[in-house]
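Here is the structure we will look at, set down as structure tokens.
Here is how names work: the chains are called A, B, and so on, in the same order as the sequence lines, proteins then strands, and each is numbered from 1.
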Amino acid sequence: MPIRFNDTSLGAAYSTFEAQRRSNPNLKLGQEQVLQLVALVGDGHRGWSASKVASELKKPGLSREQQLALVKGGMTASEKLDLAAILDQGTVPLEPGARQFLEAVLDRSSPQPPPPPPASNGLSISGDQKNGLSGVTKAGATIEAINISTAPTGRLHMDDTAVIGKADASGRFSMAKLTGDQAMREGDLVRMRARYADGSTSDWVTVKATGIAAKDTSNAAVALFRIGLTDAGTGKVSVANINASRQVSEPGAQLQFTNLRSGEKTKVTVTETGGFPEGFSLNGKAGDSFSVAASDGVNNTGFTELVGNVTVPGGAPSGRDLIPDPALHKDELDAAGKPRFSKATFTGPLFIDGARAEDVQQGQIGDCYFPAAMAAIAKANPDAINNLVKDNGNGTYTVTFKEKDWATGRFKDVPVTVDGDLWARSYGGPLYGRSANSSDTRKMELWFPLVEKAYAQWKGSYDTIGNGGHSSDVFEAVLGREGQQMSIYAGNLDRVFDTIKKAVDAKQPVAAGTYGESEEARYTNSGVYADHAYSILGYEQTGSEKYVVLRNPWGESEPSGNGANDGIFKLKLQDFAKLYQNVMYLN
Amino acid sequence: MALPPEPIEEVLPSAAWVVEAEVAEVLATGPAPPKPTGVRPGATSVGYKAAAQTVKLRVMRVLKGAPTTELVVEKPVGAYSLKPGNKGPFLVDAAKTILGRYGPDSWHPDRVKQALG
């Protein structure tokens, strides 16, 4: 006999479960579904909506007692009768935990079994993870967890946990979930511990998530940028995690390295700390490249899908290096003159949404004049960037610069071809110029880092371009017209502003440079940095007030009060004149 | 040299103190470092460096490290210099040297707090 509900929304929700049960006779209501139902009766609480109650009930860290109080606080007598009917007459079976929760809502003295004692390490996990993590620990303890299957490609340490739940007075916790990038998928490894009231913690417990989906389809993630290869000099290449406090991959995953020169394949199992076994090495030498494939034991067991390549620094590049790359800046060489960084091959799109100033981010190299100029060009004349760099479709790109031919007085084309190999930082992303998505070799927008690389190639090396310069030289090299520089002083502010205005209106790039020598003190706390170049993106004029709109080529760090920390800000012309020594533009 | 600040995650492990503080006094200034040579007028990122300083910090808030209300610290030779009244988040190592390429201007205060978790 169907239940006659007093609360129509509760009745409608229960009908949905009944309908699901008809098509799936194995359906049982678990904790998640019961929370959906009780949220509908808890909606009298503080005038909250049912969805607000549902969201509060699922908040990480909420104990069972707090959940019960929330529901009871909004429940009317007639709704209580509805819940009792679901318990006693409902046609959809309840899982034991869900039944106990409903009984507790109704204050029935249920024959609730005492919780099992926590494991000797202080934390034990029970059941599958269909509705989150459940288990037993000390009463009142908070539950901390990290998804160590998804963590490697982020920047998390293995103990960078999130609080996902709280044990109740009996020590139980349930429905504890990680969210966002950390959300559990079938087969993920979740590392957990309980933190007690006195601040001490249980031992770590690692759970392999089950019950979430029919199939584990998520392979082990690999932080390629943390794999450090070093030529050991005896036909061996040492392999290490160059940021040992973070993971290369999930514990227990297998990585297969294939030497692209010799074809030799070597497998290794990732250790409990997410790195390599002590002393792990490969057969190879400086300049060898290795493809890397991973398997979590379920996915990619044939190691056919590759994560990417890693190269042993130094020596002649292996046959995979399409174009010899410009040398590192001298600051990135060790005492023996060998590179302290490896290269990574970037294969992302040349442009994602055309060339934009925001695509440009300066790396760890003293060439601020270059990104400042490129961002200014991208803002003023994006087509010039589109015409500057071409994808050759074979892993190489040609950047066509302009150079003045002093014999004819005209500018001539200087094509420079580069490949997608960039010097990479230990934690991922290019060491030098970069764009958005820089930690992903397959997604980063390539035009800016490749144009910078081509400029270094043309001029000799990253060291050649990385010790200062003029944005006007870059304007010339890209646009093939002579650059100009105008000093700023108190007497020529109107002329400076007119020059900026004319250039911006004519869609020509403009940049500005700050003072360097002995002038550092004026910049501290100003939000503007000494010895630095900035793009000028525009101007504003309100009555007699004139403003200059600027962009820091770092893509961040600006005077306060300018909105998001994206490096874009405006200064009154008088303030601009105090902090900047010159503007650079095209003749 | 106007390089971007170092990634805070690389610097933070070396910080014995992270404090919100104000420069109360510059106690000493070291010799001027050598100037870059062959610099074209108007060039930027040429690597000008300011002298080392010994400064007294008035600590408003300790975000990491032993509680204190005052620190006497070394500002190394680098791309910035300090004067009384300068303020911000200071990362200081166990040898009482200010970390970060631009001292209190290296990272936005919110970024420092985020990195500290």
Side-chain angles (χ1 to χ4, degrees), chain A residues 155 157 160 243 245-246 331 361-370 372 425-427 429 465-473 485-487 511-534 552-558 560 565 581-582 584, chain B residues 1-10 12-13 22-23 26 29 32-51 53 55 75 77-90 98 100-111 114-117:
Chain A
R155 300 187 59 184
H157 300 89
D160 283 339
N243 188 345
S245 64
R246 298 186 171 100
D331 290 351
Q361 291 174 31
Q362 184 185 348
Q364 292 291 322
I365 182 170
D367 70 349
C368 59
Y369 65 93
F370 186 84
R425 298 192 65 100
S426 60
Y427 59 84
I465 68 167
N467 296 292
H470 291 83
S471 293
S472 51
D473 290 350
Q485 180 183 164
M486 179 190 286
S487 297
T514 58
Y515 292 93
E517 189 179 5
S518 308
E519 299 287 350
E520 294 85 359
R522 80 164 81 177
Y523 292 96
T524 306
N525 281 179
S526 73
V528 175
Y529 294 80
D531 192 20
H532 196 29
Y534 287 75
N552 186 337
W554 303 345
E556 60 180 357
S557 301
E558 62 191 41
S560 58
N565 183 22
Q581 61 164 323
N582 58 29
M584 300 200 180
Chain B
M1 185 175 292
L3 272 66
E6 310 90 327
I8 190 169
E9 288 79 4
E10 286 186 359
L12 201 53
E22 178 177 345
V23 176
V26 176
T29 300
K35 294 175 184 174
T37 53
V39 176
R40 288 165 60 199
T44 50
S45 256
V46 295
Y48 292 114
K49 286 188 167 66
Q53 295 171 297
V55 301
K75 188 225 69 117
V77 169
Y80 72 101
S81 66
L82 295 171
K83 58 181 184 285
N86 286 154
K87 58 178 77 166
F90 286 83
I98 299 171
R101 190 166 283 140
Y102 299 99
D105 291 342
S106 298
W107 307 282
H108 191 281
D110 291 345
R111 182 75 189 86
Q114 182 193 1
L116 282 168

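Panel note: side chain B:Ser81, backbone A:Ala521; a donor-acceptor pair is recorded below 3.5 Å.
The greatest number of non-hydrogen atom pairs below 4.5 Å with chain B, out of A:Gly513, A:Gly516, A:Ser472, is found for A:Gly516. Per-residue counts of heavy-atom pairs under 4.5 Å with chain B were compared for A:Arg522, A:Gln485, A:Glu520; the largest is that of A:Glu520. Residue with the most contacts toward chain A among B:Ala50, B:Ala32, B:Gly42: B:Gly42 (heavy-atom pairs, distance under 4.5 Å). Ranked by heavy-atom pairs shorter than 4.5 Å toward chain B, the options A:Gln362, A:Gln581, A:Glu519, A:Gln361 are led by A:Gln362.
Taken to the nearest 0.5 Å, the NZ atom of B:Lys83 stands 7.5 Å off from the CG atom of A:Asn525. Note that CG of A:Asp531 and OG of B:Ser45 are 5.5 Å apart. Values are rounded to the nearest 0.5 Å.
Residues A:Gln364 and B:Pro4 have side chains in contact (heavy-atom distance under 4.5 Å, counting atoms from C-beta outward).
The aromatic rings of B:Tyr102 and A:Tyr529 sit perpendicular, their planes meeting at an angle over 60°, well past the 30° parallel limit.
Contact annotation for B:Pro41: only backbone heavy atoms (N, CA, C, O) come within less than 4.5 Å of a heavy atom of chain A. Contact of A:Thr514 with chain B is made through the backbone alone, with heavy-atom distances under 4.5 Å.
Contact record, A:Asn565 with B:His108: ND2-CB, 4.2 Å, taken as the closest heavy-atom pair. In terms of heavy-atom proximity, A:Ala533 sits nearest to B:Thr44 at CB-OG1, 3.4 Å. Closest heavy-atom contact between B:Leu3 and A:Trp554: O-CZ2, 3.1 Å. Heavy atoms only, all atoms of each residue included: B:Ala2 and A:Ala530 are closest at CB-O, 3.8 Å. The shortest non-hydrogen separation linking B:Asp105 to A:Ser526 is OD2-N, 4.4 Å.
Listed by first and then second residue, the salt bridge (charged side-chain N to carboxylate O under 4.0 Å, His left out) pairs involving residues 32-44 of chain B are A:Asp473-B:Arg40, A:Glu517-B:Lys35 (not counting sequence neighbours).
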